[in-house]
Peer 1: 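Encoded as structure tokens, here's the structure I'll be asking about.
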Amino acid sequence: METRNLRNIAIIAHVDHGKTTLVDAMLKQSGTFRSNQQVVERVMDSNDLERERGITILSKNTSVHWQGTKINIIDTPGHADFGGEVERVLQMVNGVLLIVDSFEGPMPQTRFVLRKALELKLIPIVVINKIDRPDARPTEVVDEVLDLFIELGAEDNQLDFPVVYASARAGIAGLSSDALEDTLEPLFSVILDHIPAPVVDLEAPFQMLVTTLDYDDYVGKIVVGRIVRGTVHQNETITLIKRDESFERAKVGKVMVFEGLKRQDVAEASAGEIVALTGLTSANIGETVACALNPEALPVIEVDEPTLSMNFMVNTSPFAGREGNFVTSRKLRERLWKEIETNVSLRVEETDSADCFKVSGRGELHLSILIENMRREGYELQVSKPEVIYKMIDGVKCEPMEFLICDVQEKSLGAVMELLGKRKAEMANMTSLSETQLRVEFNIPARGLIGFRSEFLSETRGEGMMSHVFLGYEPFKGEIPGRTRGALIAFEEGETTTYGLYAAQERGNLFVDPGLHVYAGMIVGENNREQDIEVNVCKKKHLTNMRTSAADDALRLEKPKEMSLEQSLEFINDDEFVEITPKSVRLRKKFLD
Ligand code: GDP
């Protein structure tokens with residue numbers, strides 16, 4: 001049966017192309033806000049970090065009503081995919097809204113999600129936004145979108161996508177760029193006409209796939225998914241079908257649907273609807289919630305294994321907690337355990353020390369997002385260098401391998417291949433996406449991906465697109481030539497200057513007596529030898545660029561620059577930087593997109 005008064009769509013947009021503005025305008029025009037009520041909270045991107053890094057980390061749900069039809073709008077995670085979230089989220093919807101800036105055109109970062117959406121045979125609608133821009137070039141941008149669809153292997157019915165021209169800011173839209181209506185009505189109509197309503201069996205026994213998990217201090221764990229068939233009621237006893245196919249009885253607490261920006265309690269919800277259920281504390285992503293009497297499992301969605309781990313430690317330095325952020329091991333423990341409630345591919349283990357926890361995830365970006373989120377919440381912590389998780393299989397030391405997909409301009413290919421060669425990657429496939437654009441696929445040890453994203457982005461001038469999925473464990477491939485990274489710190493006291501190499505391997509904080517003059521800089525050398533070292537040195541008030549090579553005994557000083565030490569200073573070099581405050585010098589990881 002078709003649920004005529006319901007549409008489920010996902011939204012795909014490059015950062016700043018206007019997703020939030022558009023959803024806000026849709027909410028307003030659909031009457032979700034009373035006219036005197038302002039949109040105080042912006043719907044999506046509530047996580048600051050997402051905005052800054054240009055990726056969406058958590059998928060969020062909202063809904064609007066138009067002419068008696070409810071439209072659930074699901075935000076998609078950006079190109080970084082941890083544990084198959086993109087695929088799971090897209091399985092809840094029948095269509096996607098691709099928002100493209102009328103000047104900038106389609107951006108490489110949205111390709112990954114778009115490709116998944118096209119593979120899942122979802123129906124696309126293209127919204128050319130910011131049509132009010134004086135430099136808008138809508139015709140070309142539509143052609144570029146079409147080229148991208150062809151490149152990504154879109155099917156004929158997907159290539160026939162409707163185009164809506166809009167100014168989200170002005171709340172207007174039209175089917176032609178020079179005939180805009182006063183409202184977003186044309187957009188709503190296209191959604192209703194083109195996106196199929198979910199086709200479901202309302203009478204069949206209840207079944208739902210757990211797609212995402214959320215957590216709320218009051219109601220605890222929240223399980224989100226689309227009801228595949230049947231109906232679920234509040235306080236109903238259900239069967240949870242676990243990953244290992246075992247059955248577990250559990251009782252649903254609240255049944256909630258998404259209404260505007262909020263979740264709303266309902267007595268029951270039926271097939272096609274996207275719901276949030278409470279009470280199912282042991283439910284995990286990819287498992288099935290089913291009718292108690294007639295439980296049948298939906299195909300399990302695999303969640304990738306963690307391949308990289310880091311130690312998270314309580315900051316034990318004497319300056320910790322100066323800003324009132326001192327974290328106890330109990331607090332750190334609570335925070336991490338809460339995180340694994342919803343962060344599927346993350347594992348947390350205790351270690352021999354009560355102050356230290358081993359946190360494992362799907363790669364550097366996955367872990368660095370957690371670290372940065374925690375720092376912003378006020379957790380002062382120390383983290384160790386990332387290490388891949390090895391396994392002994394039949395007595396052989398094995399390491400995790402990843403399947404890496406890189407989309408690059410032909411001119412960057414040589415440099416990217418060279419980088420990957422050093423990192424023990426083996427090319428598996430190469431296809432041409434367009435006259436100048438190539439897709440190259442590799443099998444690479446997970447170790448080889450550590451620090452790779454930043455090199456890749458700088459080689460491709462930010463235009464390259466990369467994503468990776470876990471392949472499996474294979475015998476250890478041998479050492480990868482390392483890079484020495486560290487900070488050079490020098491202390492000057494009277495006539496004596498002491499230099500110290502503060503290696504990245506011993507990441508943590510280094511504290512400096514405020515009375516000393518401090519020099520600090522980044523060191524990058526190939527193959528663990530200190531050669532071709534470039535150091536930015538800050539001596540009291542001067543930033544100086546120093547160069548040395550293995551042959552040089554002394555550092556040569558170049559380009560003095562005025563800089564104040566009073567404020568926090570950052571020397572950025574690749575993916576790490578030194579932060580200097582009048583009290584401390586810290587080597588920190590720069591969190592990369
Ligand atoms: P998001 O990152 O995709 O959620 O983008 P936002 O909705 O935050 O918009 C990014 C910027 O573009 C903001 O400064 C908006 O005011 C601006 N913007 C959004 N829609 C329009 C539009 O239709 N026209 C113009 N000129 N600017 C827009």
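Position 1 is the first residue of the sequence, and the numbers go up from there. Order of listing sets the numbers, starting from 1, for every ligand and every atom in it.
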Peer 1: Scan side-chain atoms only and decide if Asn8 and Asn94 contain a donor-acceptor pair under the 3.5 Å cut-off.
Peer 2: no
Peer 1: We want to know whether Glu151 and Gln437 form a side-chain donor-acceptor pair, criterion being a heavy-atom distance below 3.5 angstrom.
Peer 2: no
Peer 1: Under 6.0 Å between ring centres: does that hold for Phe403 and Phe442?
Peer 2: no
Peer 1: Atom 11 (C) of ligand 1: which of His14, Arg169, Lys130 has the nearest heavy atom?
Peer 2: Lys130
Peer 1: For Thr21, counting its heavy atoms only, list the atoms of ligand 1 lying under 4.0 Å from any of them.
Peer 2: 6 (P), 7 (O), 9 (O), 15 (C), 19 (C), 20 (N)
Peer 1: Backbone, side chain, both or neither: what part of Leu22 comes under 4.0 angstrom of ligand 1, heavy atoms only?
Peer 2: neither
Peer 1: Could you name the option among Ile11, Asp24, Asp16 that has the heavy atom nearest to atom 2 (O) of ligand 1?
Peer 2: Asp16
Peer 1: Does a donor on one side chain sit under 3.5 Å from an acceptor on the other, for Glu104 and His17?
Peer 2: yes
Peer 1: Holding to salt bridge (charged side-chain N to carboxylate O under 4.0 Å, His left out), I want the full list of residues that pass it with Asp178, two or more places apart in sequence or in another chain.
Peer 2: none
Peer 1: Looking at CG of Asn343 and CZ of Arg362, how far apart are the two atoms once the value is rounded to the nearest 0.5 Å?
Peer 2: 12.0 Å
Peer 1: Against heavy atoms of Lys19, which atoms of ligand 1 measure under 4.0 Å?
Peer 2: 1 (P), 3 (O), 4 (O), 5 (O), 7 (O)
Peer 1: Specify side chain, backbone, both or neither for Ala13, according to which of its non-hydrogen atoms lie closer than 4.0 Å to ligand 1.
Peer 2: neither
Peer 1: Please classify the Asp132 to ligand 1 contact at 4.0 Å (heavy-atom distances, strictly less than): side chain, backbone, both or neither.
Peer 2: side chain
Peer 1: Taking N or O atoms only and a 3.5 Å limit, does Gly18 qualify as a polar contact for ligand 1?
Peer 2: yes
